[in-house]
Structures are given as structure tokens and as C-alpha cells.
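Notes to accompany the following structure.
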2 protein chains.
Amino acid sequence: MNKMAGKTEGEQVIVIAGLVFKGQDCPVRDVVDNIGGKWNTLMILALADGPMRFSALRRLIPDISQRMLTQTLRDLQRDGYIARAVFPTQPPSVEYSLTPLGQSFLVLVKGLVDWSVVHHEAIRAARATYDAAA
Amino acid sequence: MNKMAGKTEGEQVIVIAGLVFKGQDCPVRDVVDNIGGKWNTLMILALADGPMRFSALRRLIPDISQRMLTQTLRDLQRDGYIARAVFPTQPPSVEYSLTPLGQSFLVLVKGLVDWSVVHHEAIRAARATYDAAA
DNA sequence: CCGTATCCTTCATGATACTG
DNA sequence: CAGTATCATGAAGGATACGG
């Protein structure tokens, strides 16, 4: 049922698996781009069990640079996955938590993780086979 | 229940949401990296309804360059998501199809797509709000 | 403690032209 | 038809230093 249809003028519409993908306003693109980021999914998982402070996240994920931690949190906040709360302590503390949207998304991420765990071996095996044939 | 544990020597183990993430051999990383690619999920969807020839995929997804189409197909084949079948016609024709692993993965991708469609508006709204505040 | 600012490197992608 | 080869570029990510 895959089809491609051109509109009357210039604007192109792609239909795949019953879904419309337009060049720009594709609903999926935004979400996939977020998953694609190196740290985004991990950050969602890190906040799965409750709010966390900036420094706590750094300790939890030592491999991330401060720059990337900030940026990842900003991106996720901007898209509504996480919330940022500042407490006027001295020095100030900032707490991040999943929004309802983020919690909804967490379900997908967990599904992804579970699938990965189950099929990881098959993937590694396929890779080995392919590389051996090359 | 998030914890970080250091092993006796050097090797670092990160535990998030009950899962172990080691620097290299992380089962999730491979999968997420694949999803992250610009065309990978779209390609999986494109093959959802059955096998497709190279040229058919080009027509279906006009925005992809030949180079990226080839590379995306190669990557997915290497990881075992899709199969490549060459038919000795003149000129030769090549058909790509989802493997069982790919079909299993398709379920996740569809879940992702559905979620995106449902929550796309919320995300766009969050973005608008955030940008307005800035 | 929680960031910004700056610089730098690498990699993914795109454009284009050519081949069995 | 189904690719390869080559070159160019922009974005993503890392390292480091500084600021409120």
C-alpha cells in the first residue's frame, strides 16, 4: 500500500505504511531526532525513578560532558519531556523530572531497551556474519 | 534505584533503571544508534508491506540520495534487519525485505510512529512555549 | 552548584560524476 | 538497474576554561 503522490504544485507528499510524511512537518521526525541524540534516551531513563539534581546526573553518567548534559536537558525540556525546577538554596540547586509527556515517552524507551536486550545477540551475530563474508 | 558502581579496577559500570550500561558493550547503544540515523526508521517502514527493489525505494523516498540509500540499506542488512536478494535478470534487479528480526523491530517503530502522531501537537506546543519564554 | 563560552575534531550527510 | 568513488560541508559532540 505504499504510494507516492505529488500535489498540484511543488509540494511533495510521501505516504509510507499508511502515514503521511511531508518534507518538513513530519510528526515522526521530531521524535526520532530526539531519540537519535547520544544522551537523550539515557537521560529519560535516568529520570525514570524520580527527580534528580544536575550534579546527581553527572555522577550517574560520568561519561557525559557538562556541556552535553546541559544541552541534552535543555533540549528535552524544550520539547516538554522534562521539567526544570530551581530551588533558591545557597548555592542554588536545580532539579529535573519527567513530565507526564516524558513518562509517556519513557514507556517507549523502556520497550526499546527491552527489545535491545532480547535481540542484541542476534544483531551481533548478524554483524559478525556480514563482516566475515566481506 | 539508580546507582553507580565502580568495579575493582578502572572498568566502570553504570546502572540505570535496573539496567547495566557499560561503556562499550551496551546492548541499547547499537539499537539506538540505528534508530538515530536519518533514514533507518523510514526504510524499515518502507519495507513493512513487503519486499522492494532499489529503484522502487528511490521513487518512494525521493529525498534520499543514492549514496545514503545504499548505505542505509547496507547498515540495516549488516545488523540483520533486512535481507538483500539479487536476481540474475538483465539488467540485474535487487530486492530488499525485512527479516524476522526486522519485522520484530518494525513493531517498535510503528509504536514510535503512533506515539509521535498522538503527541506531536503537545511537543510543538511545549516548544513554542519554551521559545516564547526565551 | 550550575551552568556559559570558546575552540576544535570527527562524522554523518549531501552533491556530483562515473561504472558493471 | 544498482550501485561506487570522490569531494565538500554542516552539525554533533568533546575539551577546557571561566562566571554568577
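Quick note on labels: first sequence line is chain A, next is B, and so on, each numbered from 1.
No engagement by A:Arg58 is indicated, since no non-hydrogen atom pair under 4.0 Å with the nucleic acid exists. Counting any heavy atom pair closer than 4.0 Å across all strands shown, B:Phe87 reaches no nucleic acid atom. Within 4.0 Å (heavy atoms only), A:Gln90 reaches no atom of the nucleic acid at all.
Relative to the side chain of A:Thr70, the nucleotides C:dC1, C:dG3, C:dT13 differ in distance, and C:dG3 lies closest. Distance from the side chain of A:Ser93 is smallest for C:dC2 among the nucleotides C:dC2, C:dT13, C:dA17.
OP1 or OP2 of C:dC18 has not a single side-chain nitrogen or oxygen of B:Arg67 nearer than 4.0 Å.
The two residues A:Ser116 and B:Pro27 come nearest to each other via the heavy atoms CB-O, 3.7 Å. Nearest heavy-atom pair across A:Leu98 and A:Ala48 is CD1-CA, 4.1 Å.
Two residues, A:Ile64 and B:Glu95, neighbour DNA chain D, and the one matched to the more 5' nucleotide by heavy-atom proximity is B:Glu95. Nearer to the 5' terminus of DNA chain D, by closest-nucleotide assignment, is the contact made by A:Gly36 (compared with the other of A:Gly36 and A:Pro92). Each of B:Trp39 and A:Arg53 was matched to the nucleotide of DNA chain C holding its nearest heavy atom; the match closer to the 5' end belongs to A:Arg53.
At whole-Å resolution of the value, CG in B:Leu69 and C1' in C:dA12 are 16 Å apart. In this structure, CG of A:Asp33 is placed 15 Å from P of C:dA12, rounded to the nearest angstrom. At whole-Å resolution of the value, CZ in A:Phe54 and P in C:dC1 are 10 Å apart. As a whole-Å value, the separation of B:Met43 CE from C:dT13 P is 11 Å. Rounded to a whole Å, the CD atom of A:Gln71 is 12 Å from the C1' atom of C:dT4.
Scanning DNA chain D 5' to 3' for nucleotides with an atom closer than 4.0 angstrom to a non-hydrogen atom of chain A gives a first and last hit of D:dG13 to D:dA15.
The cluster map of Ile, Leu, Val, Met, Phe, Trp and Tyr, joined by side-chain heavy atoms under 4.5 Å apart, puts A:Val86 and B:Tyr130 in different clusters.
The aromatic rings of A:Phe105 and A:Tyr81 are tilted relative to each other, their planes meeting at an angle between 30° and 60°.
Side-chain contact check for B:Asp75 and B:Asn40: no donor-acceptor pair (N or O, by modelled atom type) lies under 3.5 Å.
Between A:Arg74 and A:Gln71, every side-chain heavy-atom pair lies at or beyond the 4.5 Å cut-off. Contact annotation: the side chain of B:Leu69 never approaches that of B:Ile61 to less than 4.5 Å [non-hydrogen atoms, C-beta and beyond].
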